[in-house]
Amino acid sequence: MRSLRSPLLALLVLAACGGGSDGSGPTVPPPSLTPTLRSLAEDKLLIGTAVAIAPLREDAAYRARIAEQFNAIVAENAMKFGPLQPSRGTFFWDDADEIVAFGQEHGMTIRGHTLLWHNQSGWVFERNGDLQPDVTAAELPAILENHVTTVVSRYRGKIAQWDVVNEAIADGLGAGLSVEGSLRNAAWAKYYPAGKYQWIADAFRYAHAADPDAKLFYNDYGIEGSSSQKAAYALALVQKLLADGVPVHGVGLQMHLSPDQYGDWPLNDDFPGLLRKFTDLGLEVHVTELDVRLQLPATAAKLEKQKEIYQGLLAASLANPKVTAFLTWGLDDGHSWIDGTYAGYGAALPFDASYAPKPAFLGMQAALQAAPQ
Ligand code: XIL
């Protein structure tokens, strides 16, 4: 199946072969799911999803559904520090290259996620964000420069936007802190000799030097509502970067949402106003990792609520011309980080585990259809 390069051909062959989601082989997407999101989104914004390397390699139906519906992709894990540089100075490109090749083959824009983060940082940091025993703080600037420069240079001209820094702001803060004071005290921030803010500025500068045409993003979660204190700190951070002449071009809103836990947030917290706070600075905004987890079992009422959230967020994004991309964190409920991370929750994505559309998909279609050209 790996040699099936045309999505249409793959669909036809799979339709003839059968298969199921129970491990008996690749699943078969319903052959016609039109109008596709990507056809509706054309000229409006990038519509995308995160891809996992295993199903991308093994499951032609997964590939076909992604190629059919989306014009943008991001690697769910393959371009993080640890996967890309598994040991000091040694890079592993196979998975990331394959994702880039898939995107290019299908005329997609490719987002890069993420150059630097306190998690999945391989041999540099422990899981708790402390330095590994054989790494010194004095080495961090050179490690940072080498990683950012090597990765961005390799994909120069191929990856259009990078999440340069992910999740740098601490959770649960009160008001009144400085930018430095708002930053998470872990990993790069904790040990970078020039300070908690400087590693961020350096990372953006090295990324820009390696690919001056790539759009560079700061990406975080919990910054999606107007009244969010964390959003205020994200705003202050990007304002400081801009004031310091650091090449930052956009902000990524992760959007891992949960109606059972947080109701309609951020739709009930002036989401358009939140978008404007960033776009009024001249920055682009991307919705980078949308999923809407449901406490299981997912009833019809919960799936309808989920549809409203997907539709409402996409409609608000389409209404602001500086919101230029809208990506879900995975294609389908069979390939989602939610189930392994939030006990009792799941069913977070617009397709079910057989790649059949859920109400959330119809909500996305409807938002795109309603948007002006
Ligand atoms: C998650 C992946 O989905 C998981 O497979 C992995 O085990 C951990 O990371 N915010 C981010 C993403 O920026 O990189 C995370 O992805 C989800 C939360």
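The shown structure was predicted, so the numbers you read here are calculated from the model rather than taken from an experiment. When a ligand or atom number is given, it counts from 1 through the structure's own listing order. The basis for the numbers below is simple: all heavy atoms, side chains too, and nothing from hydrogens, waters or symmetry mates.
Considering Trp117, Tyr221, Trp337 only, the shortest heavy-atom separation from atom 17 (C) of ligand 1 involves Trp337. Taking all heavy atoms of Lys80, Glu76, Met79 into account, the minimum distance to atom 9 (O) of ligand 1 is reached by Lys80.
From the protein, the heavy atom lying nearest to atom 8 (C) of ligand 1 is Gln120 OE1, 3.4 Å. Of the protein's non-hydrogen atoms, the one nearest atom 11 (C) of ligand 1 is Glu289 OE1, 3.0 Å.
With a 4.0 Å heavy-atom cut-off, ligand 1 is reached by the side chain of Asn77 but not by its N, CA, C or O. At a heavy-atom cutoff of 4.0 Å, ligand 1 is contacted by the side chain of Asn166 but not by its backbone.
Using a 4.0 Å cut-off between charged side-chain N and carboxylate O, Arg63 and Glu105 make no salt bridge.
Residue-ligand proximity, His113 to ligand 1, at heavy-atom distances under 4.0 Å covers atoms 11 (C), 12 (C), 13 (O), 14 (O). Heavy-atom contacts of Gln254 reach the following atoms of ligand 1: 10 (N), 11 (C), 13 (O), 18 (C) (cutoff under 4.0 Å).
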Item to complete: Mind running ring pair (Phe, Tyr, Trp, His ring centres under 6.0 Å) on Tyr342 and Trp337 for me, showing each step along the way?
Response: CA-CA 9 Å; Tyr342 296 91; Trp337 73 305; 5.6 Å; yes
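Ligand 1 has an N or O atom lying under 3.5 Å from an N or O atom of Trp329, backbone or side chain.
Heavy atoms only, all atoms of each residue included: Gln229 and Ala175 are closest at OE1-CB, 3.5 Å.
His208 has its ring centre no less than 6.0 Å from the ring centre of Phe204.
Between Phe81 and His147, the ring planes are parallel. Angles under 30° get that label, and only those over 60° would be called perpendicular. Between Trp199 and Trp188, the ring planes lie parallel to each other; the angle is under 30°, not in the 30° to 60° tilted range.
Note that Arg111 lies in the cation-pi zone of Phe217, set by a 6.0 Å cut-off to the ring centre and a 45° limit from the axis.
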